[in-house]
Amino acid sequence: GGPAFAVFAHLRDDEVVVVANVLSNGLASVTEVVEGNTDAKTMADLERALQADGSNAPFVPAVLDNRGENVRVVLQFKTVNVSTRTAPKR
């Protein structure tokens, strides 16, 4: 990345920074990987999350937040481990 992305110079191995186009319907697609892990599985998982079906879009529709039809954003992602186990009742 160039000087505009110097702030991301110290990413951990589990982080990725991408440029994405967010469409008016709330769906998005990665246009560029700026920094980070770009293995095929990571990128496939990210694309699948950004292009979920219309009822589960990762961003709100443009009409709800008064943005333009299509916008370009810079996103930084970290790996987050989420436990799906329920906590024991006390």
Distance check, rounded to the nearest 0.5 Å: F77 atom CZ versus L50 atom CG? 5.5 Å
Do E47 side-chain atoms and V30 backbone N/O form a donor-acceptor pair below 3.5 Å? yes
Restricting to non-hydrogen atoms, name the atom on G26 and the atom on P58 that form the minimum distance, rounded to 0.1 Å. O-CD, 3.4 Å
Is V73 reachable from V16 through a run of I, L, V, M, F, W or Y residues, each pair having side-chain heavy atoms under 4.5 Å apart? yes
At what distance, to the nearest 0.5 angstrom, does CE of M43 lie from CZ of R48? 12.0 Å
Are the side chain of T31 and the backbone of V19 linked by a donor-acceptor contact shorter than 3.5 Å? yes
Please walk me through it: do R67 and D65 pass salt bridge (Lys or Arg N to Asp or Glu O under 4.0 Å)? CA-CA 6 Å; R67 69 172 188 268; D65 66 1; 3.1 Å; yes
Before you tell me yes or no, could you show the steps for V18 and V74 under side chain to side chain contact (heavy atoms under 4.5 Å, CB included), namely the whole-Å CA-CA distance, both residues' side-chain angles and the distance that decides it to 0.1 Å? CA-CA 6 Å; V18 298; V74 176; over 6 Å; no
Nearest-0.5 Å distance that lies between atom CG in L64 and atom OG in S24: 11.5 Å
Spacing of CZ belonging to F59 relative to CG belonging to L27, to within rounding of 0.5 Å: 10.0 Å
